[in-house]
Amino acid sequence: MKQILCLSCTPWRTIPTRTQQLMIRLKDAQVLFFEPPGRRWKDPGRNMRPGLTVYTLPPVLEAEERHRLLFRRHYRKLANYIQRRMDRHRFREPLLWCTSPEQVHLLEYLPHRGVVYDCYRDWEDFSPVWESDLALAADVIFAASPGLRHHLAPCNDNIAILPNGVNHLMFTRPNAECPRELAGIPGPVLGYCGVVWEDLDLAPVAAAAGELPGCTFVFLGRVEDGPMVRHLKRFPNVRFLGRRPPVEVPDYLARFDVCLNLQRWSEQYDDIIPTRVYEYLSSGKPTVSMFYPEQVEHFPDVVYGAHSPEEFARLCRRALAETGDWARLRRQEHGASAAWSVRAQQVTRILAAIGLY
């Protein structure tokens with residue numbers, strides 16, 4: 001039985017993170033999953049599936065790196081807590097799965113037989129030295145996009161691109177029940193799934209909602225209030241439905257006639273494909289996505305890519321007129337190839353090839 005010690009930078013969530021999705025699918029492995037410090041640190045480990053136990057790290061006094069003694073003491077205390085849990089589960093030299101640059105400071109205190117760095121975002125808030133040191137120490141790096149691979153390439157030659165994934169079967173299940181809020185809508189529904197961040201560029205939807213008054217534009221997800229949100233709420237054909245449990249999202253998506261992908265201003269230089277896009281692809285629905293000038297269009301064969309609000313509105317109209325099955329089936333192929341089970345198989349093959357699995 002392989003032993004994996006996962007250092008997560010996010011708590012275990014009801015809406016699974018990338019790290020959770022991979023950890024629950026690694027076969028023939030015993031996983032200890034450590035989430036960031038929190039109030040549950042005194043609780044016993046939570047068994048999420050056979051062989052996967054979640055622990056909460058204890059709150060400890062943090063210090064800036066320039067206060068070297070206090071800084072090292074912080075990580076030493078965390079490592080001592082982790083070591084005690086390792087001893088309880090008879091972990092000797094596990095594979096360390098790191099997800100954040102700051103975890104490099106734990107490497108010297110924890111016994112391990114190998115290091116994985118799963119880089120799924122740009123860590124501009126952390127010291128670049130931390131990430132460089134972690135990348136140098138890693139036996140393999142999984143990068144969520146070509147841009148992240150290019151960023152880390154000077155520090156490591158063994159980098160594999162591992163994009164985000166999707167629970168493909170959830171979004172292809174038949175006989176989805178139409179949600180009550182959408183049941184009475186007579187015209188086409190164009191929908192966005194995800195958090196409506198304050199810096200989410202909503203201008204394309206404003207343009208499309210004005211051009212297509214007979215359509216209803218739906219936002220499914222938590223909403224951060226802002227000027228554009230308040231502006232869109234004045235449109236009679238725009239609805240903000242709020243957050244829904246993950247298990248219900250496919251039911252809403254099944255009612256969409258067109259899926260919408262929007263961009264945050266803070267992420268205009270990212271090339272990371274969000275999970276939302278793979279959910280859209282798995283459903284097979286026509287998808288209109290906004291792109292900034294420097295961004296590479298993802299899945300240009302089946303995703304309508306717009307570069308201005310006016311073009312976004314035109315492509316929404318074009319997507320509504322789409323006919324035939326070729327594009328739908330091709331989208332579902334893209335979704336199937338991005339299933340989290342497929343991503344986990346890619347991980348195990350790579351780790352096995354370098355003797356870590």
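For clarity, every value in this text was computed on a predicted model and none was experimentally measured. Heads up: numbering here begins at 1 and tracks the sequence.
- A salt bridge does not link Lys2 with Asp28: every distance from a Lys NZ or Arg NE/NH1/NH2 to an Asp or Glu carboxylate oxygen is 4.0 Å or more.
- Note that CD of Glu333 and NE2 of His168 are 10.0 Å apart. Values are rounded to the nearest 0.5 Å.
- At most 12 heavy atoms of other shown residues, nucleotides or ligands fall within 6.0 angstrom of atom CG in Asp157.
- If you chain together hydrophobic residues whose side chains sit under 4.5 Å apart, Leu329 and Tyr304 never meet in one group.
- Side-chain contact between Arg84 and Arg88: absent, with no pair of heavy atoms (C-beta onward) separated by less than 4.5 Å.
- Counting heavy atoms of neighbouring residues, nucleotides and ligands inside a 6.0 Å radius, atom CZ of Arg173 exceeds 12 of them.
- Taking both residues in full, the closest heavy atoms of Tyr120 and Cys9 are given as OH-SG, 2.8 Å, listed atom of the first, atom of the second, then distance.
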Next item on the list: Apply side-chain hydrogen bond (donor to acceptor under 3.5 Å, both in side chains) to Asn237 and Thr216, showing your working.
Entry: CA-CA 5 Å; Asn237 59 337; Thr216 299; over 6 Å; no
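- Taking the ring centroids of Phe235 and His231, they lie under the 6.0 Å cut-off.
- Side chain of Tyr280 to backbone of Val303: no donor-acceptor contact under 3.5 angstrom is found.
- At least one donor-acceptor pair under 3.5 Å links the side chain of Arg331 to the backbone N or O of Gly284.
- Checking each of Arg18, Gln21, Arg343 against Asn164 for a side-chain contact (heavy atoms from CB on, under 4.5 Å) leaves exactly one that passes, namely Arg18.
- With a 4.5 Å cut-off between side-chain heavy atoms of Ile, Leu, Val, Met, Phe, Trp and Tyr, the cluster of Tyr292 takes in Trp265.
- The shortest heavy-atom contact between Val166 and Phe171 is CG2-CD1, 4.1 Å.
- Looking only at atom types and distance, the side chain of Arg39 has no donor-acceptor partner in the side chain of Thr56 under 3.5 Å away.
- The hydrophobic clustering, which links ILVMFWY residues whose side-chain heavy atoms are closer than 4.5 Å, places Trp326 and Leu320 together.
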Item checked: Arg330 vs Glu322, salt bridge (charged side-chain N to carboxylate O under 4.0 Å, His left out): CA-CA, chis, key distance, verdict -> CA-CA 14 Å; Arg330 181 61 176 155; Glu322 182 180 285; over 6 Å; no
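- In this structure, Leu260 is not a member of the same hydrophobic cluster as Phe291, with clusters built from ILVMFWY side-chain heavy atoms closer than 4.5 Å.
- Other residues, nucleotides and ligands contribute only 12 or fewer heavy atoms inside 6.0 Å of the CZ atom of Arg180.
- Its side chain outside the 4.5 Å cluster rule for every partner, Ile161 clusters with none of the Ile, Leu, Val, Met, Phe, Trp and Tyr residues.
- Scanning both residues, Ser100 and Leu134, for their nearest heavy atoms gives O-CD2, 3.5 Å.
- For the residue pair Pro111 and Met86, the shortest heavy atom distance occurs at CG-CE, 3.9 Å.
- Within 6.0 Å of atom CZ in Arg49, more than 12 heavy atoms from other residues, nucleotides or ligands are found, so the atom counts as buried in its surroundings.
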Check: Between His334 and Val302, is a side chain to side chain contact (heavy atoms under 4.5 Å, CB included) present by the stated rule, with each step listed?
Finding: CA-CA 9 Å; His334 284 307; Val302 290; 3.7 Å; yes
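- Interatomic distance, Asp271 CG to Glu297 CD, rounded to the nearest 0.5 Å: 14.0 Å.
- The CD atom of Glu108 sits 4.5 Å away from the CZ atom of Arg72 when rounded to the nearest 0.5 Å.
- In this structure, the side chains of Pro250 and Glu279 stay at 4.5 Å or more apart for every pair of heavy atoms.
- Annotation for Leu26: hydrophobic cluster partners, listed by chain and number, are Ile4, Trp12, Leu22, Met23, Ile24, Val31, Phe33, Met48, Leu52, Val54, Leu95, Trp97, Val116, Val140, Phe142, Leu162, Trp340, Val347, Ile350, Leu351, Ile354, Leu356, Tyr357 (ILVMFWY side-chain heavy atoms under 4.5 Å, direct or chained).
- Shown here for Ser283 and Cys259, the closest heavy-atom pair between the two residues is OG-SG, 4.4 Å.
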Checklist line | Step-by-step salt bridge (charged side-chain N to carboxylate O under 4.0 Å, His left out) determination, Arg328 to Asp325 | finding: CA-CA 5 Å; Arg328 175 180 61 82; Asp325 289 333; 3.4 Å; yes
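- Closest heavy-atom contact between Thr275 and Gly165: CG2-O, 3.1 Å.
- Judged as a ring pair (Phe, Tyr, Trp, His ring centres under 6.0 Å), and not counting sequence neighbours, Phe217 has no contacts.
- Transitive grouping of hydrophobic side chains (ILVMFWY, heavy atoms separated by less than 4.5 Å) keeps Val277 and Ile272 in distinct clusters.
- More than 12 heavy atoms of other shown residues, nucleotides or ligands fall within 6.0 angstrom of atom NE2 in His307.
- Classification of the Phe219-Phe240 ring pair by plane angle, with boundaries at 30° and 60°, yields parallel.
- Ring geometry for Tyr278 against Phe299 counts as perpendicular: the plane angle is over 60°, on a 0 to 90° scale with 30° as the lower cut.
- Within a 6.0 Å sphere centred on CD of Glu211, other residues, nucleotides and ligands contribute 12 heavy atoms or fewer.
- Looking at Arg40, Arg46, Arg13 one by one, the single match for side chain to side chain donor-acceptor pair (under 3.5 Å) with Glu35 turns out to be Arg46.
- Applying the 6.0 Å contact sphere to NZ of Lys77 captures no more than 12 heavy atoms from other residues, nucleotides or ligands.
- Residues Ile159 and Trp123 share a single hydrophobic cluster, defined by chaining ILVMFWY side chains whose heavy atoms lie under 4.5 Å apart.
- Here Tyr252 and Phe256 keep their ring centres 6.0 angstrom or further from each other.
- Note that CZ of Arg149 is 12.5 Å distant from SG of Cys119, once rounded to the nearest 0.5 Å.
- Residues in residues 44-65 take part in these ring pair (Phe, Tyr, Trp, His ring centres under 6.0 Å) pairs, two or more places apart or across chains: Phe34-Tyr55, Tyr55-His89.
- Relative to the six-membered ring of Tyr81, Arg85 meets both conditions, a distance below 6.0 Å and an angle of at most 45° to the axis.
- Between the Gln103 side chain and the Thr99 main chain, a donor and an acceptor come within less than 3.5 Å of each other.
- The line from CZ of Arg76 to CZ of Phe71 is 12.0 Å long, rounded to the nearest 0.5 Å.
- Remark: the backbone N or O of Ser8 is not paired with any side-chain donor or acceptor of Thr10 at under 3.5 angstrom.
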Ignoring hydrogens and angles, write down the donor-acceptor pairs under 3.5 Å from the side chains of residues 185-209, residues two or more places apart or on other chains.
{"residue": "Tyr192", "atom": "OH", "partner": "Arg276", "partner atom": "NH1", "Å": "3.3"}
{"residue": "Asp199", "atom": "OD1", "partner": "Arg264", "partner atom": "NE", "Å": "2.8"}
{"residue": "Asp199", "atom": "OD1", "partner": "Arg264", "partner atom": "NH2", "Å": "3.3"}
{"residue": "Asp199", "atom": "OD2", "partner": "Ser266", "partner atom": "N", "Å": "3.2"}
{"residue": "Asp199", "atom": "OD2", "partner": "Ser266", "partner atom": "OG", "Å": "2.6"}
{"residue": "Asp201", "atom": "OD1", "partner": "Ala203", "partner atom": "N", "Å": "3.3"}

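- Here CD of Gln295 is found 7.5 Å from CD of Gln268. Values are rounded to the nearest 0.5 Å.
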Next item on the list: Go through His151 and Glu131 one step at a time and tell me if the side chain to side chain contact (heavy atoms under 4.5 Å, CB included) criterion holds.
Entry: CA-CA 10 Å; His151 171 67; Glu131 186 167 48; 3.0 Å; yes
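- Residues Tyr109 and Gln83 bring no donor and acceptor atom of their side chains to less than 3.5 Å of each other.
- In this structure, a donor-acceptor pair under 3.5 Å is absent between the side chains of His298 and Asn261.
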